[in-house]
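Before any comments, here is the structure.
Atom set for the values below is all heavy atoms of this structure, side chains included, hydrogens, waters and symmetry mates excluded.
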Amino acid sequence: DARRRGVGTAVDGDEGDVTLRVFTARLSYVGADRLDITRKSETDEGIAFAPSWGILTAALDARRKADECMKGAQRDGAVGALHRATAWEIESAAWTEYEPRYVDEMRRSYEAHRDRWRALLARERVTLVCFCNLARWPGHCHRVILAGLLVKCGAEYVGERM
């Protein structure tokens, strides 16, 4: 199972054994293992895992449009259904572009900020936090993508904190 790999070895093998347990949460999470991976992050450690403004701006614009459509989804019947469908169409199109671009940025980050990746992989536990609301847009968040990338490096993804 890709979510639960357990102890492993990082992709290039030079980080040693990885025992990192990864959680994800909204920005409001305040635990000691919190790592803010937003573009507005004030930590050098977290910014290495944040999406660039180049890909983030378009995604945020699309999400605002989709959120506006979702307001109309509260209506009954066909009108509400049409608003929901339009919102998902907007969000899905934006996500289709965003996801591979973020993965590419993280590949470049892994090369450019290897020390930060090693430090993260050396932890016992981390909770990746950002603004995204997974209840509204399930799975459409870079914290989930990053958790998956860390699993490929040998970490274990435990899931979303509520």
Practice item. Taking Arg26 for its side chain and Phe131 for its backbone only, find out whether a donor-acceptor pair lies under 3.5 Å. Key: yes

Check your understanding: Of all heavy-atom pairs between His142 and Phe49, which one has the smallest distance, and what is that distance?
Key -> CD2-O, 3.8 Å

Review point. Do you know which two heavy atoms are closest between Val151 and Glu156, and how far apart they sit?
Key: CG2-C, 4.4 Å

Practice item. May I ask you to say whether Asp61 pairs ionically with Arg64, meaning some side-chain N is under 4.0 Å from a carboxylate O? Key: yes

Check your understanding: At what distance, to the nearest 0.5 angstrom, does CG of Leu146 lie from CD1 of Ile37?
Key -> 5.0 Å

Check your understanding: Linking I/L/V/M/F/W/Y whenever their side-chain heavy atoms sit closer than 4.5 Å, directly or via other members, would Leu60 and Trp88 fall into one cluster?
Key -> no

Exercise for review: Mind running salt bridge (Lys or Arg N to Asp or Glu O under 4.0 Å) on Asp104 and Arg101 for me, showing each step along the way?
Suggested key: CA-CA 5 Å; Asp104 186 54; Arg101 293 179 71 193; over 6 Å; no

Review point. CZ/Arg84 to CE/Met70 distance, rounded to the nearest 0.5 angstrom?
Key: 7.0 Å

**Study point:** Charged N-O contact under 4.0 Å between Glu68 and Lys71
**Key:** yes

Check your understanding: So if you build clusters from Ile, Leu, Val, Met, Phe, Trp, Tyr with side-chain heavy-atom gaps below 4.5 Å, do Trp137 and Val129 land together?
Key -> no

Practice item. Working to the nearest 0.5 Å, report the span between CZ of Arg143 and OH of Tyr157. Key: 7.5 Å

Practice item. Mark yes or no for whether Ser109, through its side chain, and Ala48, through its backbone, hold a donor-acceptor pair below 3.5 Å. Key: yes

**Study point:** Interatomic distance, Ile145 atom CD1 to Trp95 atom CH2 [nearest 0.5 angstrom]
**Key:** 3.5 Å

Check your understanding: With respect to Asp33, which candidate in Leu128, Val22, Thr127 satisfies the side-chain contact (heavy atoms from CB on, under 4.5 Å) definition?
Key -> Thr127

Review point. Does Glu105 reach the main-chain N or O of Ser52 with its side chain, forming a donor-acceptor pair under 3.5 Å?
Key: yes

Check your understanding: Quick one: SG on Cys153 to OH on Tyr110, what's the gap to the nearest 0.5 Å?
Key -> 5.0 Å

**Study point:** Face-on cation placement of Arg34 at Tyr29 ring, 6.0 Å and 45° thresholds
**Key:** no

Practice item. Output, in order, the C-alpha distance, side-chain angles, deciding distance and verdict of salt bridge (Lys or Arg N to Asp or Glu O under 4.0 Å) for Glu124 and Arg21. Key: CA-CA 6 Å; Glu124 287 186 28; Arg21 296 183 75 219; over 6 Å; no

